[in-house]
Amino acid sequence: MRPRIGITCGTVPEGGAMRLDLEYVRALVQSGAIPFALPPGLSEESLPEILESLDGLLLSGGPDVDPLHFGEEPLPGMGRIDPERDAAELPLARRALESGMPILGICRGAQVLNIAAGGDLFQDLPTQVVPLLRHVQQPTPMTYPTHKVLIEPESLLAGITRCVALRVNSWHHQAIRRVAPGFAVTARAEDGVIEAVEKPGPGFVLGLQFHPESMTEGGSPEATLLFEAFVGACAERARD
Ligand code: MN
């Protein structure tokens, strides 16, 4: 049985339609999964049934999370927010964490995972962290890695990628600040910015600040290994 993996989607800025980058779909299909698009606007009551029908959850990238969700007022550097998406994803992430299903959070998805579990974010790195590398909108295609991350040797991330230093792409102006209880930081850029978090112990709960779904198309073996490991963990759950 191919594992069934839900991918969260956002709304387009004009509203009225949803958005899902096909790179996530391609990366999952290539690793042997069946992806399902999860639209914003799902009722909270339906979430247990939705999660019951899935073997894994991919929290995808997107715009900023409303700082309301971690108890802050908006700072001047805050970008576009998608309240309908926040309302769908945060409870979904919370329930998925409770269920013990494999979760992969990418960029905004890693941030959503951290907030859902009780952590918070920098709303805007360039105005809140000095000195800082270029994390915001790299000026090259996303298939090309622009900065290095240093990986904790004993982590899930190091085990999957088989390395302790990896060059990654970067398209984020927010980042995890306070890590949620029960989570560990397992990769940082050289300026200290958190690039990966995970939940230690059994299971697969991993948040990545970079975009492996773009790196697979750039021929990165580590990005391919990441999707294979995630889909493999989902397949294991599908068998149970
Ligand atoms: Mn970065």
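Quick note: numbers below take in every heavy atom, side chains included, and nothing from hydrogens, waters or symmetry partners. Atoms within a ligand are numbered from 1 in the order they appear, just like the ligands themselves.
Using bins of under 30°, 30° to 60° and over 60° for the plane-to-plane angle, the ring pair H147/H135 lands in the perpendicular bin.
Under the side-chain contact (heavy atoms from CB on, under 4.5 Å) rule, E198 has a single partner from L113, L157, I103, which is L157.
Minimum heavy-atom separation, P13 to R80: CA-NH1, 3.6 Å.
Through direct or relayed side-chain contacts under 4.5 Å between Ile, Leu, Val, Met, Phe, Trp and Tyr, L75 connects to no other residue.
Both V25 and F227 sit in one connected hydrophobic cluster of ILVMFWY residues. Membership requires side-chain heavy atoms under 4.5 Å apart, directly or through other members.
Salt bridge R94/E44: absent, no basic N to carboxylate O contact under 4.0 Å.
Counting only protein N, O or S atoms, 5 lie closer than 2.8 Å to the Mn ion (ligand 1).
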